[in-house]
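Below is one structure, written out as structure tokens, with a few remarks after it.
Here, residue 1 is the first one in the sequence, and each next residue gets the next number. Since we're looking at a predicted model, the values are computed, not measured.
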Amino acid sequence: MSDKKISETTYKLLHDPDFIMWCMAPTEELDAVWRSWLEKYPEKQSAVDQARLALKSTHMNDFTVPADKTEQLWKRLEVSMQKRRARKRLIFMRYVAACVVVLLGSVVGFQFLNNSWLSDTDMVVDCVQTEVTLILDTQEKVQVEDNALIAYNSGITVKAKEKERIITKKITEDDLENITMNTLVVPNGRRSSLLLPDGSKVWVNSGSILRFPSQFEASLRSIEMEGEIYIEVAKSNIPFHVKTNRFVVNVLGTKFNISAYKEEQESSVVLAEGSVMVETVEHEKIQLTPDRKLTFVAGRNRIDEVDIYDYISWKDGLLQFKGETMENILMRLSRYYNVQIQCAPAIAGRSSSGKLVLFDNIEQVMETFSMLYGVRYRFESNTLIIE
């Protein structure tokens, strides 16, 4: 893609599954909808052309799901979306379009950071995976145990609860000269942690993707992420950057949490220790001090004083919250356990405070939840109903 900054309208189109679907698999109905939209907003034609060009440049029309993944994809879609079989094709295309949004967002949404996510075509396939996967810079895929620690040093070591194994890839002189990126994909219902080459440690929450080099450059330590991480950056005179599609966090040595899920309107940085400078897509620079939360929502930002542990307790297997809506709490549980949750509107809006131990089994959590908040729950297929 060109380095030319895209318009806000183009950015929104590239994050609209219906627009992507229209470009990938046009139908008479979609043609009618979008042509009507252009008649109403003719001034948007150039943005539409730019978005079409961006989609074309990603070669997404060549995308196919491997045969061995097709059956798994359909089963997951049927369970999670509860649609009739007659609508399979529509569901599939919308799901692929949503995956394309994930792929494109990191590239076109924040071009001044020079992110390279677009080159990683495996990002689309990974939308349907169920296990933690480490994709090496050689494109070799390694499945990793849930909650395992992945350590990068002279080689790669995976430490799980009951065992430790060494992945044979070694850091070579070529790795030092040619910085290439690895990708850690942590799907919903899974968690992982990573010890980076400089000694920095990253806890990676459910539904997250982290990209990092086997060896940092001499003048800059930089990683890219989507989802949620807590990171303790090893102190050094070499700057450390954490890039998301909405902002960059610049530090030397500190501890903080970032939440930047693409499907959520709100993203945040919560600082536990040290000092960070956050640079936004609009090139605004915001300095953050400990016990402060920087929140981005609807194009605006604000800073609040908070209890840090409310935002990092997930790494310890706890969910602690104060004055948070039931809707937000249940959304976090849904991602943590990879379970669809439906909640009655009267319950979703409640403001609640408390602490939940995140047991291995969500039913144990719900027993506590139901007693604390006076609600009833039941399971229907893969969906948890709260009323």
Side-chain angles (χ1 to χ4, degrees), residues 110 112-115 149-153 179 181 184 186 191-205 208-261 264 266-297 300-322 332:
F110 212 44
F112 76 91
L113 298 177
N114 295 317
N115 284 348
L149 170 64
I150 305 167
Y152 266 71
N153 197 348
I179 304 299
M181 303 294 278
L184 179 62
V186 182
R191 281 143 300 282
S192 191
S193 56
L194 179 69
L195 188 62
L196 293 169
D198 67 333
S200 298
K201 186 172 181 181
V202 190
W203 287 259
V204 187
N205 206 352
S208 301
I209 300 173
L210 183 68
R211 299 195 69 225
F212 61 96
S214 299
Q215 188 69 31
F216 288 119
E217 297 178 29
S219 59
L220 176 65
R221 299 175 290 170
S222 180
I223 63 175
E224 304 167 358
M225 58 84 60
E226 162 195 330
E228 184 169 27
I229 66 170
Y230 172 74
I231 181 169
E232 295 183 351
V233 177
K235 291 185 178 180
S236 169
N237 291 326
I238 302 173
F240 195 110
H241 291 178
V242 181
K243 300 179 181 181
T244 77
N245 70 316
R246 300 174 186 176
F247 53 83
V248 180
V249 181
N250 305 315
V251 301
L252 292 175
T254 187
K255 301 176 183 180
F256 57 96
N257 194 87
I258 296 179
S259 180
Y261 288 100
E264 295 181 13
E266 181 179 305
S267 56
S268 65
V269 180
V270 179
L271 183 61
E273 182 181 298
S275 178
V276 300
M277 181 69 73
V278 182
E279 184 176 359
T280 70
V281 68
E282 293 83 13
H283 299 284
E284 180 183 8
K285 293 184 177 181
I286 306 166
Q287 187 168 3
L288 204 59
T289 55
D291 302 321
R292 298 294 188 278
K293 176 189 178 187
L294 172 61
T295 303
F296 298 91
V297 61
R300 299 181 179 180
N301 62 73
R302 70 175 188 272
I303 297 177
D304 300 296
E305 185 173 3
V306 296
D307 181 341
I308 297 299
Y309 200 63
D310 289 350
Y311 299 91
I312 67 174
S313 59
W314 60 266
K315 73 181 183 68
D316 297 326
L318 297 172
L319 185 57
Q320 179 172 295
F321 44 91
K322 293 184 181 72
R332 293 163 70 180

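Smallest separation of non-hydrogen atoms from A272 and Y230: CB-OH, 4.3 Å. Nearest heavy atoms, M181 versus P213: SD-N, 3.8 Å. Looking at every heavy atom in both residues, G227 comes nearest to S208 through CA-OG, 3.5 Å.
To the nearest 0.5 Å, atoms CG (L195) and CG (L149) are separated by 6.0 Å. Taking CD1 from I229 and CH2 from W314, the interatomic distance works out to 8.0 Å, rounded to the nearest 0.5 Å. Considering OG of S193 and CD of E232, their distance stands at 11.0 Å, rounded to 0.5 Å. Between the CG atom of L210 and the CG atom of L194 there is a distance of 6.0 Å, given to the nearest 0.5 Å. How far CD1 of I231 is from NZ of K255: 12.0 Å, rounded to the nearest 0.5 Å. The line from OG1 of T280 to CG of L294 is 9.5 Å long, rounded to the nearest 0.5 Å.
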> So F256 and V251, side chain to side chain contact (heavy atoms under 4.5 Å, CB included) or not? Walk me through it.
Replying inline: CA-CA 10 Å; F256 57 96; V251 301; 3.8 Å; yes
>> Using side chain to side chain contact (heavy atoms under 4.5 Å, CB included), reason through T295 and E266 one step at a time and then give a plain yes or no.
In response: CA-CA 7 Å; T295 303; E266 181 179 305; 3.4 Å; yes
>> side chain to side chain contact (heavy atoms under 4.5 Å, CB included), that's the test. Do I303 and L288 meet it? Break it down for me.
In response: CA-CA 8 Å; I303 297 177; L288 204 59; 4.1 Å; yes
> For K243 and M225, what are the C-alpha separation, side-chain angles and deciding distance, and is it a side chain to side chain contact (heavy atoms under 4.5 Å, CB included)?
Replying inline: CA-CA 6 Å; K243 300 179 181 181; M225 58 84 60; over 6 Å; no
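Looking at residues two or more places apart in sequence or on another chain, you find a ring-ring contact (aromatic ring centres under 6.0 Å, His included) between F212 and Y152. Under the side-chain contact (heavy atoms from CB on, under 4.5 Å) criterion, S200 pairs with L196, D198, R221, V233, A234, F240, not counting sequence neighbours. For F296, the ring-ring contact (aromatic ring centres under 6.0 Å, His included) partners two or more places apart in sequence, or in a different chain, are F247. Residues passing the salt bridge (charged side-chain N to carboxylate O under 4.0 Å, His left out) test with D291, sequence neighbours excluded: none. Listed by chain and number, the residues in a side chain to side chain donor-acceptor pair (under 3.5 Å) with S267 are R246 (sequence neighbours excluded).
Residue pairs that meet the salt bridge (Lys or Arg N to Asp or Glu O under 4.0 Å) test with at least one member in residues 310-320, sequence neighbours left out, are D310-K322.
Residues Y311 and V269 have side chains not in contact (no heavy-atom distance under 4.5 Å, counting atoms from C-beta outward). Looking only at side-chain heavy atoms (C-beta outward), L271 and R292 stay at 4.5 Å or farther from each other. Side-chain atoms of E217 and I238, non-hydrogen and from C-beta on, never get closer than 4.5 Å to each other. Taking 4.5 Å as the limit, some side-chain heavy atom of E228 sits within range of a side-chain heavy atom of Y261. Counting heavy atoms from C-beta on, the side chains of L220 and H241 come closer than 4.5 Å. Between S192 and I150 the shortest side-chain heavy-atom distance falls below 4.5 Å.
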